[in-house]
Amino acid sequence: MRLSQFFMPVLKETPSGAEIVSHQLMLRAGLVRQSAAGIYSWLPLGLRVLQKIEAIIREEQNKAGAIELLMPTIQPAEIWRESGRYDDYGKEMLRITDRHDRELLYGPTNEELITQIFRDSVKSYKDCPRTLYHIQWKFRDEIRPRFGVMRGREFLMKDAYSFDLSKEEARKSYQKMFISYLRTFERLGLKAIPMQADTGPIGGDLSHEFIILADTGESEVFCHKALLEKSALDTTIDFDDDLSPMMEQWTSHYAATEEMHDATRFEKEVASADQISARGIEVGHIFYFGEKYTKAMKCEVQGPDGKLVTLHGGSYGIGVSRLLGAIIEASHDEDGIIWPNSVAPFDVGIINLKPGDEATDSMCQQFYKALQDHGLDCLLDDTKERPGGKFKTMDLIGLPTQIIVGPKGLKNGIVEIKSRKTGMRQELETKELDIVTAITALTNKGL
RNA sequence: CGGGGUAUAGCUCAGCCUGGUAGAGCACUGGUUUUGGGAACCAGGGGUCGCGAGUUCGAAUCUUGCUGCCCCGACCA
């Protein structure tokens, strides 16, 4: 993409009203614009990141055996009456009436809808278990939206729902999602720590919040240092295997949000050198809820013995739009955003320091084409902006790698390549035939 | 939903107290000089001062009602 033909309105100054750094940077870098309190338009640069995050989530969900579908944003009130939640949900639910006076609502979540779909279509134990997911916009009419997309009213969420024949089977479905989440967040460049969450009236150990550490996090969290050093990617996982041992590795260390925190246990179980207490942002939440909806909504199948079995359900959410804010909170500096390679809106930014200069233009064009041919997405700054402004803008939008091409360097046969993350610059000789390969390698390593 | 703020150009804000022809910086347009980390100068364009009612010869400014947005709290993916 050539910047001169793109739509990327950046702001030099911090807009008033944006309190936390991720919100400020999202506005300044031209990722989003606010339409109303807690409701945002996604500008091209922001949309690209959103789509990259979605793609990673989708891959990992599919790998774990979940199946994608798409449910609507608008739902009939009827099924919510059936589950008993229509009245319970309160004012957070946006209720709508259509021209025929039929009661509708903008879905805040989809347990009812998926349960209806599943029970109407599945009648035999042979079609279980299944985990279905979709990535769809939700609306919760929060009393007080804030922190930009971190607590918006409209938000994009990946929500998955599992249907199993028994609690023990449901535990397996839960474990698949648990591991899938670890992998997903890690691929997004985040250290997400699973923390035991309150399961409410159902009880048990099958509810976890996935928390990333950030100074501006909404709640206080406590955990063992070892959890920050673990990886779920460096093993080859077969989701059909018994995942219990891996679950065990991840859940044996102390990790709790402030609601679940037990100071005495923390002191006793974790050596003080290993104790981490920090602030955290919740980016995912998974839980098993048993027969809560399936019973109320008669979601049953016939077992091998011909008897009806009420299915066991679980649901698994990732706040997709919130993740942009969370990633920025966890990865930025005073100059702007620092995107992890996996979600950056472009892989490489090429700065043409002097558009109109023949040698510079031609070198930029060569890089642009060659890198694109190597599967790297490029943003070429070919605008007439002054060099200083270009550097600032490129740092602000946080592309992982910058290639700086100007007449001065070219005179000596060099271009400069800079890592956004480390700030490290390195000069490369343009006569090297494999310069693109070199850049590709550097980019993959995150320079 | 309680408490507190705020609303003036695309953005950041001044002007309001003490009523008298709408301002600055940045951004934008044209020009000259610049040109490797947010340049300088010249000339321009851009506003129903959130909306309504009132007071007044006259309201961005005073009074009043409403609305939006923001912050703190309670609530939450």
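All heavy atoms count here, side chains included; hydrogens, waters and symmetry mates do not. Proteins come first, then strands; the chains are lettered A, B, ... in the order of their sequence lines, and each starts at number 1.
A:D395 has no carboxylate O lying under 4.0 Å from a charged side-chain N of A:K390, or vice versa, which leaves the two without a salt bridge. Taking the charged nitrogens against the carboxylate oxygens, A:K421 and A:D333 have no contact shorter than 4.0 Å, which rules out a salt bridge. For A:E60 and A:R187, the salt-bridge test passes: some basic side-chain N is under 4.0 Å from an acidic carboxylate O. In this structure, A:R85 pairs ionically with A:E112, as a charged nitrogen and a carboxylate oxygen lie closer than 4.0 Å.
A:D395 comes within 4.0 angstrom of a base, heavy atoms only. Residue A:K390 is classed as having no contact, given no heavy-atom separation below 4.0 Å to the nucleic acid.
Going from atom CZ of A:R28 over to atom P of B:rC26 covers 17 Å, rounded to whole Å. Summarising the geometry, the separation between NZ on A:K91 and C1' on B:rG2 is reported as 13 Å, rounded to the nearest angstrom.
Checked by atom type and distance alone, the side chain of A:Q372 pairs as donor or acceptor with a backbone atom of A:C378 at under 3.5 Å. Judged by distance alone, with hydrogens and angles left aside, the side-chain atoms of A:Y368 form a donor-acceptor pair with the main-chain N or O of A:M1 at under 3.5 Å. Of the possible donor and acceptor atoms, none in the side chain of A:R119 sits under 3.5 Å from a partner among the backbone N and O of A:C299. Using modelled atom types, one side-chain atom of A:T430 and one backbone atom of A:G413 make a donor-acceptor pair closer than 3.5 Å.
Here, B:rA59 and B:rC49 have their C1' atoms 11 Å apart, quoted to the whole Å. Taking atom P in both B:rU56 and B:rC16, the straight-line distance is 24 Å, to the nearest Å. With both ends at atom P, the span from B:rU12 to B:rC71 equals 14 Å, rounded to whole Å. Taking the P atom of each, B:rG10 and B:rG47 are spaced 8 Å apart, rounded to whole Å. Spacing between B:rG45 and B:rU6 at atom P, rounded to whole Å, works out to 33 Å. Using atom C1' as the reference point in both B:rA14 and B:rA60, the two lie 12 Å apart (nearest Å). Taking atom C1' in both B:rG44 and B:rA27, the straight-line distance is 14 Å, to the nearest Å. For B:rG54 and B:rG58, the P atoms lie 12 Å apart once the distance is rounded to whole Å.
For B:rG45, there is no paired nucleotide, since no Watson-Crick or G-U wobble pair has both relevant distances below 3.5 Å. In this entry B:rU12 has B:rA24 as its Watson-Crick or G-U wobble partner, both defining distances falling under 3.5 Å. In this entry B:rG36 has no Watson-Crick or G-U wobble partner, no candidate having both defining distances under 3.5 Å. Shown here, B:rC62 forms a base pair with B:rG54; the pair counts as Watson-Crick or G-U wobble because both key distances fall under 3.5 Å. Across every strand in view, B:rG19 sits unpaired, with no contact that passes the Watson-Crick or G-U test at under 3.5 angstrom.
Aromatic pair A:F210/A:F185: ring centres closer than 6.0 Å.
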| Stepwise side chain to side chain donor-acceptor pair (under 3.5 Å) check, A:Q61 with A:Y133 | CA-CA 8 Å; A:Q61 288 288 293; A:Y133 77 97; over 6 Å; no

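Atom NZ of A:K225 has 12 or fewer neighbouring heavy atoms from other residues, nucleotides or ligands inside a 6.0 Å radius.
Residue side chain A:E13 does not reach the base of B:rG10 through any donor-acceptor N/O pair under 3.5 Å, judged by distance alone.
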Please list, for nucleotides 41-43 of chain B, all pairs of protein and nucleotide N/O atoms separated by less than 3.5 Å.
none

| Nucleotide-resolved protein contact map, nucleotides 28-36 of chain B, B/S/- at heavy-atom distance under 4.0 Å | ------B-B

| message | Across nucleotides 66-77 of chain B, 5' to 3', mark each nucleotide with B, S or - according to how protein heavy atoms within less than 4.0 Å reach it. | response | ---SSBBBBBBB

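Looking only at atom types and distance, the side chain of A:T14 has no donor-acceptor partner in the side chain of A:Q24 under 3.5 Å away.
The phosphate of B:rC11 (OP1 or OP2) has no side-chain N or O of A:K12 nearer than 4.0 angstrom.
For the side-chain hydrogen bond (donor to acceptor under 3.5 Å, both in side chains) with A:Y254, the lone residue among A:Q196, A:R265, A:H261 that qualifies is A:H261.
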